[in-house]
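Below, chains carry the letters A, B, ... as their sequence lines are ordered, and counting in each starts from 1. Both backbone and side-chain heavy atoms feed into the values below; hydrogens, waters and symmetry mates do not.
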Amino acid sequence: MIKGESMLLDGLNPQQKEAVKYFDSPLLLIAGAGSGKTKVLTSKIAYLIKERGTRANRILAITFTKKAANEMAERVRKALSVSPPWISTFHAFGVRLLREDISVLDKNFDRKFVIYDADDSLKIIKGIMKRLNMKPKDAGIAKDIISKAKQEHRADMVDYIRSLPFPASSYSVVADEYRKDLEKSNALDYDDLLLFTTEVLFKDALIRQKWQQRFDYILIDEFQDTNDVQYQIIQLLAGNKKGLFAVGDPFQSIYSWRGSKPSNMLRFLEDFGAIEMKLEKNYRSTKKILNLANKILCGAGDMWGDKILKLHTDNELDGEIENKENENDIEETNYIADKIRSLLNVHGYYYSDIAILIRMSFLSRGIESALMKNNIPYQVVRGLAFYEHAEIRDLVSYLRFIANHKDKAAFERIINIPSRYIGSKALSIIRDHHKTDWIQALKEAKLSPRQRLNSDIFINIVEKYSDMIEGAPFMVLMELIKEIGYFDYLKSEYKDDHDDRIENISELANVFKNLETEGKTFSEFMEDNLLSSEQDRIGSDRSVKIMTLHAAKGLEFPVVFIPALEEGIFPSAKSLDNLSSLEEERRLFYVGCTRAKERLYLSSAESRMKFGSISPMLESRYLDEIKEEIQAGVP
DNA sequence: CTTAGGAAACTTTTT
DNA sequence: GTTTCCTAAG
């Protein structure tokens, strides 16, 4: 017993050990950057299983990204040869709960619901607004309002929007139509995955009890970035458990723009009577970098009182921080490329040690071209980039529609690809006939002879493959491409780059082929893709990684570049007139700097290409604050 | 119902 | 510099 315990807790400091072993009451661990919070979380799970005899399936662990969940599960599995089945993100947990119990809601959803991504939602909203004679350009605004409402309020989303001050209130009709469309499509958007989870747990006491009794321990990572609905899920699952553990760092809260509430940490202390522990020792960065990070926090407002961490470290004062001011963006990207060359040649780093963290994704373009010119291998870590290619979305939408004839977003995307002479007029006739699904609507709609003929061919194809799509998506894809003449369509539509697009499609075909060999279904594939995070797409290959600061959350690199430190970019233009957004920008800068273990390269340019013309830029305010911590770069 | 051409808008950050 | 939106002609 003692032997096993000492092994499990090996390499932990006294504070970390205390946090790992404590289970007498709910516990809030405030853990600074690089203080080993993931280690504590993983050790806690291992400790529960190994030392306290807890069955692995009695533990629910919630992480911020799928990647973090996978890594945590893998570490536990390596240490104990047991895989806890309930390590996931909030969204993935919601899907699992809803696949089991969504029928409790008085709605027309069933457990085979599909998930709509941001693009699907936006298209649906756009269509609704066109029909209502509203500006489709404002669809993004409407989507944000709907999303916020879902995050903050529960079932009364539409009423809530109606009660908002004027411009926002006008979207209540859109919200209501959108809600109905999703229900008719048996589709949930990202917010619904969380909202409906709370609704299920609220609605039915027996089901709530079932889920409460399923877990003895609930552990939540990155608690500073939970939103209201997520907090509610925890409350509903917790019952009066003592085995609650939340870990977070208020200074790494960078998602309040999408509804997260760092104040949930304070609420957690009150609502659950949690005790508080801190981890303030940093193991990641050199002292030089940590001093700089602490300096950034000096400029922060102190609404957090004694929750503020004072990070310290035993690491050496070595490492390098440099700030390079450049004349323009070209010079800046060349500086980065040159620096990377010398890091490899002079200092012996690998490409994979290096990350370039950017505030806005458009900045990657210039960086990419400089790296390309210098033959530096790189990877841009992006969202669902591959699945955003038009041709991939087309074909995936076809498969989605073949699998689910209710899927409105998929139907409207593909019904006129390739052209069946069904444009907005015909589509609105079809919409009028919609009762149960879109095949039915298409059959009943009165169309011109030409449209009717094409529609019947379409219906025929869709119905033919409906029973095969789940098990044999590869076969269906190949047949489908032939039957609809998709390659010919591509050739006429995209005159210069259809070869690249066909290449992409062959990549998609490979994915489905592998899927078939693994015995996974098409629905499982869709779910996996829609719930994965940007971080899941980081390859382990030897390349420099370019990603946004947000995507770098929770990661670390020996060498970090943060370019474009200019007013209007970092901090971003949209945050300049708002104190709380400015605070968040500062935290984002803090998060960026604390990703670096050994070397940190900051840079800015006096002018930059924006919207195709050159604009003068002002140095970021942050550079001024931290001048003393930096040795100036070569001018 | 399409296509072409020109104007206008556009860039935070994402599960 | 690029994507999206709008309009007028086929």
Side-chain angles (χ1 to χ4, degrees), chain A residues 62-69 88-95 115-119 121-122 126 130 135-140 143-144 147 150-151 188-195 222 225-227 229-230 253-260 329 357-366 369 381-385 388 390 416 418-427 447-448 450-451 454 492-493 527-537 547-553 564 568-576 578 581 584-585 587-589 591-592 608-615:
Chain A
I62 303 284
T63 58
F64 194 73
T65 62
K66 195 167 130 187
K67 184 181 183 225
S88 72
T89 62
F90 271 107
H91 289 86
F93 174 76
V95 170
I115 302 164
Y116 273 7
D117 69 10
D119 198 75
S121 306
L122 196 66
K126 233 180 221 168
K130 265 186 205 152
K135 289 188 216 135
K137 210 180 42 177
D138 292 342
K143 186 169 174 292
D144 278 357
S147 175
K150 285 185 182 180
Q151 279 163 18
L188 273 63
D189 68 15
Y190 287 130
D191 297 312
D192 292 334
L193 296 178
L194 304 176
L195 181 68
E222 306 279 10
D225 280 324
T226 52
N227 64 28
V229 185
Q230 290 167 333
S253 155
I254 55 175
Y255 280 97
S256 64
W257 54 272
R258 73 167 204 211
S260 72
D329 47 342
L357 306 184
I358 52 182
R359 179 64 186 86
M360 292 172 195
S361 32
F362 82 90
L363 292 164
S364 80
R365 242 182 242 160
S369 72
V381 179
R382 278 210 196 93
L384 298 145
E388 267 151 23
N416 204 31
S419 171
R420 298 185 176 89
Y421 305 98
I422 294 174
S424 53
K425 277 262 171 59
L427 197 52
L447 301 169
S448 75
R450 180 164 72 165
Q451 292 168 331
N454 284 312
S492 68
E493 192 73 2
E527 189 171 309
D528 267 8
N529 264 296
L530 291 167
L531 295 180
S532 66
S533 64
E534 297 202 312
Q535 289 188 3
D536 288 302
R537 281 171 273 277
M547 66 184 94
T548 64
L549 287 128
H550 286 86
K553 182 190 178 82
I569 290 187
F570 202 175
S572 85
K574 294 201 171 151
S575 65
L576 292 178
N578 178 328
S581 328
E584 184 150 303
E585 294 284 313
R587 294 194 296 267
L588 192 55
F589 186 48
V591 167
R608 173 177 302 283
M609 273 290 237
K610 275 168 101 184
F611 299 128
S613 57
I614 297 167
S615 327

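Using a 4.0 Å heavy-atom criterion, one finds that Ser533(A) contacts the sugar-phosphate atoms exclusively. No engagement by Phe90(A) is indicated, since no non-hydrogen atom pair under 4.0 Å with the nucleic acid exists.
Bounding nucleotides for the chain A contact on DNA chain C, 5' to 3', at a heavy-atom distance below 4.0 Å, are dG1(C) to dC5(C).
Distance alone, capped at 3.5 Å, is enough to place a donor-acceptor pair between the Asp192(A) side chain and the Asp189(A) backbone.
By the 30° and 60° cut-offs, the orientation of the rings of Phe64(A) relative to Tyr255(A) is tilted.
Arg365(A) places its CZ atom 16 Å from the P atom of dC10(B), with the value rounded to the nearest Å. Regarding Asp138(A), its CG atom lies at a distance of 13 Å from the C1' atom of dA9(B), rounded to whole Å. Rounding to whole angstrom units, CD1 of residue Ile569(A) and P of dT13(B) are separated by 11 Å. Distance CG (Asn227(A)) to P (dT13(B)): 20 Å, rounded to an integer number of Å.
Going from the P atom of dC6(C) to that of dT11(B) covers 15 Å, rounded to whole Å. Atom name C1', nucleotides dT13(B) and dT4(C): the rounded distance is 22 Å, in whole Å.
Not counting sequence neighbours, Ser419(A) has no partner by the side chain to side chain donor-acceptor pair (under 3.5 Å) test. Annotation: side chain to side chain donor-acceptor pair (under 3.5 Å) contacts of Asp225(A) (sequence neighbours excluded): Ser260(A), Lys553(A).
Residue Trp257(A) places its side chain closer to dT14(B) than to any other of dT15(B), dC1(B), dT14(B). Across dT2(B), dT11(B), dT14(B), the shortest atom-to-atom separation from the side chain of Ala551(A) is found for dT14(B).
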